[in-house]
2 protein chains.
Amino acid sequence: MFSKACEYGIKSTIYIAEQSIDGKRVSIKEVTKAINSPEAYTSKILQQLKKNEIISSDKGPGGGFSIDNITMEKITLKDIVYSFDGDKIYKGCGLGLNQCNAVRPCPVHHEFAIIRDGLTRLLEETTIKSLALQLQGGLSFLKA
Amino acid sequence: MFSKACEYGIKSTIYIAEQSIDGKRVSIKEVTKAINSPEAYTSKILQQLKKNEIISSDKGPGGGFSIDNITMEKITLKDIVYSFDGDKIYKGCGLGLNQCNAVRPCPVHHEFAIIRDGLTRLLEETTIKSLALQLQGGLSFLKA
DNA sequence: TTATTAGGGGACAATATTGTCCATTATTAT
DNA sequence: ATAATAATGGACAATATTGTCCCCTAATAA
C-alpha cells in the first residue's frame with residue numbers, strides 16, 4: 001500500500017505529535033525506539049517531514065522534533081502520504097495506465113473508483129492529532 | 001497498489017481470456033503489443049501465471065497462451081494478485097506492523113479495515129471472464 | 001570559548017524490483 | 001529429417017528502494 005518510507009513517516013509523525021501534546025520534544029533515537037525503525041533511515045524521513053513543514057526540529061541540547069498543536073490539527077494522513085508516495089495511490093490507475101478515466105476506463109476502473117474514493121476521503125479526513133490522541137489513550141500502538 | 005509484475009499479470013490474463021473466448025491462442029508478442037509491456041519481462045510474468053495454473057501454454061507453431069472457459073470463470077483478480085504480491089495488500093497492516101488486529105490495532109487499523117474489506121471482496125468477486133467480456137464489448141481498455 | 005548535545009546532509013551499500021539477452025526445448029509443418 | 005515457430009529458463013543489467021556511515025553545522029550550558 002504505502003512505501004516503507006511513508007509508513008515510517010506516518011508512525012514518526014503520530015509519535016512526535018503524541019509527545020508534543022505533553023509538551024515533550026523527542027530525539028531521533030526516541031522516535032526509532034518508539035516505532036521500531038532503523039535510526040539513520042528514520043533520520044532521512046524526519047528531514048523530509050521537516051522540509052514539507054509537517055514537523056519542526058531544534059538542534060542542540062534539549063532540542064529534538066515536535067509538532068505544534070495547530071499543525072497537528074491541520075495535517076492529515078494525505079499530507080504525509082503525498083510527501084513520500086505522491087498521489088498515485090488515490091489518483092493513479094489500478095493497472096498503471098497513464099490515462100484511465102470514466103470515458104476510457106481500464107478493466108478495473110469502475111470497481112476501483114469506489115475503493116480509491118473511500119481511501120482518499122479517509123486520508124483527507126484523518127488528522128494527525130486524532131491519531132495521536134488515540135495513541136495516548138492506549139487505544140492504538142505503533143509497534144508489534 | 002499492485003506491483004508492476006502484478007499489473008502486467010492482470011492485463012495479460014484479461015487479454016488472453018478475451019482472445020480465448022474467440023478461440024484464439026496468442027503469442028507473447030501479441031500480449032505485449034496488446035498491453036504495452038516489455039516483451040522479455042512479460043514472458044516471465046506469463047511463466048508465473050502458468051505455474052499458478054491461471055493460464056495454459058502450448059509450444060510450437062500455432063501455439064501460444066490461452067485460458068479455457070471454466071478457468072476464466074473460476075479465476076478471480078484475487079488469484080492473480082496473490083500470485084505476484086501475496087496477501088499483504090488485503091491482509092497486511094497499513095503501517096507495516098507484523099501483528100495488528102482489533103485487540104492491538106495500529107493507529108489506522110479500524111479506518112483501513114473498511115477499505116481493505118472492500119478491496120478483498122472486490123478482488124474475490126471479480127472474475128477474469130467478466131473483465132474479458134467487458135473488454136471484448138469495447139467497454140474497457142488495456143492501454144492508454 | 002569550549003565541550004556536549006542533537007539534527008543535517010552527502011556518499012555509499014544492500015536489497016528488491018524491473019527489465020534484457022541469449023541459448024534451449026518442444027511442437028508443427030514441410 | 002529438417003526448418004520454422006513459439007515458449008522456457010538461466011544469467012545478467014538497470015533502476016528504485018531501503019538502509020548505513022561519517023562528518024558537518026547549530027545550539028546550549030558550563
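Chain A is the first sequence line, chain B the second, and so forth, proteins listed ahead of strands; every chain is numbered from 1.
- The nearest whole Å value for the distance from the CG atom in A:L49 to the P atom in C:dG8 is 11 Å.
- Contact between A:H109 and A:C100 at its shortest, heavy atoms only, is ND1-SG, 3.2 Å.
- When rounded to the nearest whole Å, the span between CD1 of A:I45 and P of D:dG19 equals 9 Å.
- Ionic pairing of A:K4 and A:E7 is present here: one or more N-O contacts between side-chain nitrogen and carboxylate oxygen are shorter than 4.0 angstrom.
- Closest heavy-atom contact between A:S66 and A:I16: CA-CG2, 3.5 Å.
- With no hydrogens or angles considered, a side-chain donor-acceptor pair links B:N69 and B:K129 at under 3.5 Å.
- Each of D:dA11, D:dT8, C:dG10 was ranked by its minimum atom distance to the side chain of A:K44; first place goes to C:dG10.
- Among the nucleotides C:dG9, C:dG8, D:dT18, the one closest to the side chain of A:S3 is D:dT18.
- Note on B:V26: only backbone sugar-phosphate atoms sit closer than 4.0 angstrom, heavy atoms only; bases stay farther off.
- For a distance-only test at 3.5 Å, the side chain of A:E39 fails to qualify as a donor-acceptor partner of the base of D:dG19.
- B:I28 has its CD1 atom 14 Å from the C1' atom of C:dC21, to the nearest Å.
- Among the atoms of the strands shown, none is found under 4.0 Å from any heavy atom of A:L46.
- Surrounding CZ of A:F141 are more than 12 heavy atoms belonging to other residues, nucleotides or ligands, all under 6.0 Å away.
- Contacts of A:Y8 with the nucleic acid, taken as non-hydrogen atoms under 4.0 Å apart, involve only primed sugar atoms and P, OP1 or OP2.
- Distance, B:N52 CG to D:dT8 P: 13 Å, rounded to whole Å.
- Put simply, NZ on B:K29 is 13 Å from P on C:dT20, counting in whole angstrom units.
- When each of C:dT18, D:dT18, C:dG8 is scored by its nearest atom to the side-chain atoms of A:S57, the top-ranked nucleotide is C:dG8.
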Pairs: protein N or O with nucleotides 24-26 of chain C N or O, under 3.5 Å:
from	atom 1	to	atom 2	distance (Å)
C:dT25	O2	B:K59	NZ	3.3
C:dA26	O4'	B:K59	NZ	3.2

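- In the set D:dC21, D:dA7, C:dG19, C:dG19 carries the atom at the smallest distance from any side-chain atom of B:K4.
- Dense packing is recorded around CD of A:E125, with more than 12 heavy atoms of other residues, nucleotides or ligands lying under 6.0 Å away.
- Distance, B:K50 NZ to D:dA6 C1': 12 Å, rounded to whole Å.
- Taking the side chain of A:P38 as heavy atoms from C-beta on, and the options D:dT20, D:dA7, C:dG9, the nearest nucleotide is D:dT20.
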Test side chain to side chain donor-acceptor pair (under 3.5 Å) on A:D68 and A:T71; report intermediate values, then the result. CA-CA 5 Å; A:D68 63 78; A:T71 304; 3.0 Å; yes
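- Judged by distance alone, with hydrogens and angles left aside, A:Q47 brings no side-chain donor or acceptor close enough to the base of C:dG7 to form a pair under 3.5 Å.
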